[in-house]
2 protein chains.
Amino acid sequence: MDKTAGRHPKIKDVASSAGVSVTTVSRVLNGHPYVREEIRAKVAASIEALGYSPSSIARSLVRRSTDLIGVIVSDITASFFSTILGSIEEAASAKGYAILVSNIAEDPEKELRYLKLFKGMRVAGIIVMHEPTTAAIRRYAASIGIPLVVSSARPAGLSEPSVNIDDETAAYDAASYLAGLGHRAIALIGGDCERLTTARMRYDGYRRALAEKGIEADPALVKVGDFKTQDGYMLMGELLRTSPRPSAVFALSDDMAAGAMNRVMDEGLRVPEDISIMGFDDSALASMTRPALTTVHQPIADIGSISVESLIRGIEGDRPSTEGIILRHRIVERASCARKA
Amino acid sequence: MDKTAGRHPKIKDVASSAGVSVTTVSRVLNGHPYVREEIRAKVAASIEALGYSPSSIARSLVRRSTDLIGVIVSDITASFFSTILGSIEEAASAKGYAILVSNIAEDPEKELRYLKLFKGMRVAGIIVMHEPTTAAIRRYAASIGIPLVVSSARPAGLSEPSVNIDDETAAYDAASYLAGLGHRAIALIGGDCERLTTARMRYDGYRRALAEKGIEADPALVKVGDFKTQDGYMLMGELLRTSPRPSAVFALSDDMAAGAMNRVMDEGLRVPEDISIMGFDDSALASMTRPALTTVHQPIADIGSISVESLIRGIEGDRPSTEGIILRHRIVERASCARKA
DNA sequence: TTGTATGCGTTATCAA
DNA sequence: TTGATAACGCATACAA
């Protein structure tokens, strides 16, 4: 009784089962007009009976396009990224796209491998939440012939569209806020300015705020890590041992801020009474710590959805849309920062 | 000069550029033997020059298989899931598979839609980190003809392989631990036992521990939410108003535990001096809170990698491997639980 | 060692 | 309103 050979019946099976041509089946599949209602019903019945599901592989081959969006994340584990990823998934899914995700964990090899994979798969578009690391990667990404948007990172050396906040101003606002609270020894813990444009912009903003308040920058007060909790904890340890000890520290991610806060408390000091700590991102974590983090709010969900929209515009539109979208940030005051004693 | 029509050159372009047949190009592409070294070099040069990248779509069509693994997550934002997802990505990527991720956010419609999408794409396998919600979904999943493993959830009504810890015993151990600390009014905040087998198993373990210690179960002390921080916060609020007030609460996720802890502190009480709080998962969050969470450790990374291994065995092996893998849990003592005053 | 021809499962073109 | 048939880009059986 079983006419279908493999696990997945094909359009031909449906056709013969319904006693029509494959063309007709294809027509009802794609909601084409010019199919008699009676036939349509019969075909639908066969599809149902056989459990037929059209192969999007074959379909993609002839249509020469897929409904796939490749996304490259540097650390899927970070609350900031997983939230963006969630919003990307939501927006993409709503538009009929599925997402292919990679977690490159700062491994340039892997980043390049995924870019190649994406090209091989002919994904419709790519979202990169990472600063394209090496020159080879930048070159490859630029030559790939697939719409790409860089999300919450700077496309250094790439003329691709991007969506970000104004990192320089955001950091300036944060540092100014801390200075406004009377702090002068304001430390910065963040990412590598050489490698990450985002980190450098924030550093610049921090420096500008200090300069404006007449505070001399102290190199001993800026420490570099990789945005993770662990690093915040470690770097705060170093900071606690520098003299003079900073009275406020500005962390370039909430994860780092949380780590720093824990270190302060673990060493028997209080936040914010002894040391104020400010975060960056306003990720879910920010309101989960106690004291809750005063931080720089990034419109995380918007960054994700707007990245998708921008990408889809690039996919479906004609021209590649080289826009750099800047979203609004703001300082959100919670409980981790206080006026300097 | 430009002979290639579209954006992506095809094997034919490479062939004519190198002055050989497509078969030969295909051979060097797939590392076939029996290709003269000289020709191989020439072809490689053409590939490089044209920036040719084989279409995995066409390749999949003829090979009748893809290197895709579809994964369904209920909440990608939860630290527990994003960590597993990271480990799944790592394991899959190491084996040459890419992952397609969906974030279904407890939406059965979306779960079914994704399952259908995955089938249409002919993914090689599927990992579901969620308890297949409706009967329709269970039926569809069972009939889909694609290897599937349920990870960190129970495949209720499904005979598919799964990887989990022993949730009943884990909860039993946790509740026993709390009882061992002298607590008798031990509350439970968790998920819906009707819908989630995992939640029910944990509830059963909790009940068993209480019974064994001769503690009468008080229905007022068990509250149902959806594993999120927000719910922990809210449910703890209710618990604080029940009398007698529990002296310990066992939360079925670290996220909930963190929320509960915050509520306790926000209402001016102390953890663990006034109320002990125990979590579940040992996600990254567990060591980030202060006090750090005493919790039930799940081997999160292992769950991910073993799920992938098991799935791949199902993909590449002959028989569908209907094994239920149980990983070891353990209680990790940190600072959120104390002996009852 | 290399090339020709066929098929993978769809959609699209054209004719009927 | 319906149906042959030719692509789509590649891998492979078979021939040379």
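Computation of the quantities below employed the complete heavy-atom set of this structure, encompassing side-chain atoms and omitting hydrogens, waters and symmetry-equivalent molecules. Model, not experiment: these values are computed from the prediction. Below, read A as the first sequence line, B as the second, and so on, with proteins coming before strands; counting in each chain starts at 1.
Mapping Val62(B) and Val20(B) onto DNA chain C by nearest heavy atom places Val20(B) at the nucleotide closer to the 5' end. Both Arg36(B) and Ile11(A) lie close to DNA chain C; mapped to their nearest nucleotides by heavy-atom distance, the more 5′-ward contact belongs to Arg36(B).
No donor-acceptor contact under 3.5 Å links the side chain of Arg122(A) to the base of dG9(D). Contact annotation: side chain of Thr23(A) to base of dA4(D), donor-acceptor pair present below 3.5 Å.
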Test Val101(A) against Ile72(A) for side chain to side chain contact (heavy atoms under 4.5 Å, CB included), laying out the working first.
-> CA-CA 6 Å; Val101(A) 352; Ile72(A) 290 183; over 6 Å; no
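Comparing atom distances between the Lys10(B) side chain and each of dG9(D), dA11(D), dG9(C) picks out dG9(D) as nearest.
Thr24(A) comes within 4.0 angstrom of the backbone, heavy atoms only, and of no base. Across all strands shown, Pro33(B) has no heavy atoms under 4.0 Å from either base or sugar-phosphate atoms. Across all strands, Ile57(A) comes closer than 4.0 Å to no nucleic acid atom at all (heavy-atom distances).
Checked for salt-bridge contact, Glu106(A) and Arg195(A) meet the test: a charged N lies under 4.0 Å from a carboxylate O. Between Lys110(A) and Glu89(B) there is a salt bridge, with a side-chain nitrogen of the basic residue lying less than 4.0 Å from a carboxylate oxygen of the acidic one. A salt bridge links Arg313(A) with Glu323(A): at least one charged nitrogen is closer than 4.0 Å to a carboxylate oxygen.
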